[in-house]
2 protein chains.
Amino acid sequence: MYAVIFRAKVAELDEEYFRIAERMKDLAFEKYGCLDFISVAEGDEEIAISYWETKQHIRDWKNDPEHRLAQSKGRDKWYKSFSVEICEIIRK
Amino acid sequence: MYAVIFRAKVAELDEEYFRIAERMKDLAFEKYGCLDFISVAEGDEEIAISYWETKQHIRDWKNDPEHRLAQSKGRDKWYKSFSVEICEIIRK
């Protein structure tokens, strides 16, 4: 199993952010086989972790057109900075 | 590089928790070569991610006597439940 760790410094989250975040979560689960998702925010720090069966699932999800638009808005508007780490889970 | 993802449902965090959490962080960096650490809490959800050079570093840290005591207090007192996932970072 694979995990994608998203770490971000939040700039400003508006109403559109919460709508799109919800939509992205639904899309990841329903269309791309996301196995689990957790997101926790405190002050200007956000961590979100999604879980996937294969690297191909992660690539497909990354390239989804709606998701790409959301990524671009994240970069331009909602986040000061963010990083993404793709991990293979070797022990639970 | 390896990441350890700690996910928890918080029961109740007391003064001792914050003191020991700070001590554990110092110990992980100073004695066990922890490379990075981030912890974010929201409501009763907590995610903490630590980063390590090798699996051996993670094993050594897990077995540290002070850390084992902290783990036991975590189980008994501070957390309703928690999980730990050991991951290899394959792409940043």
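Naming: A, B, ... by sequence-line order, numbering from 1 per chain.
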Student: Has A:Lys77 got more than 12 heavy atoms of other residues, nucleotides or ligands less than 6.0 Å from its NZ?
Tutor: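 Buried by this count: over 12 neighbours within 6.0 Å.
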Student: Give the cluster check for A:Tyr2 versus A:Val4: same hydrophobic cluster or not, with ILVMFWY residues linked at side-chain heavy-atom distances below 4.5 Å.
Tutor: yes
Student: Are B:Tyr51 and B:Leu27 grouped together when hydrophobic residues (ILVMFWY) are joined by side-chain heavy atoms under 4.5 angstrom apart?
Tutor: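 In one cluster: no.
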Student: Membership question, hydrophobic clusters at under 4.5 Å side-chain separation (ILVMFWY): are A:Tyr32 and A:Phe6 in the same one?
Tutor: yes
Student: Using a heavy-atom cutoff of under 4.5 Å, enumerate the residues of residues 78-91 of chain B that contact chain A, numbered in order, or state 'none'.
Tutor: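 Against chain A, the residues of residues 78-91 of chain B that fall inside the cut-off (heavy atoms, under 4.5 Å) are B:Val84, B:Glu85, B:Ile86, B:Cys87, B:Glu88, B:Ile89, B:Ile90, B:Arg91.
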Student: How far does CD of A:Glu45 sit from CD1 of B:Ile47, to the nearest 0.5 angstrom?
Tutor: 11.5 Å
Student: Are B:Met1 and B:Ile58 linked, directly or through intermediate hydrophobic residues, by side-chain heavy-atom contacts shorter than 4.5 Å (ILVMFWY only)?
Tutor: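 Per the 4.5 Å side-chain linkage, B:Ile58 and B:Met1 are not co-clustered.
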Student: Tell me whether A:Val40 is reachable from A:Leu35 by hopping between hydrophobic residues (I, L, V, M, F, W, Y) whose side-chain heavy atoms are closer than 4.5 Å.
Tutor: yes
Student: Using only atom types and a distance under 3.5 Å, with no angle test, would you say the side chain of B:Glu42 pairs donor to acceptor with the backbone of A:Ala41?
Tutor: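 At least one qualifying donor-acceptor pair exists.
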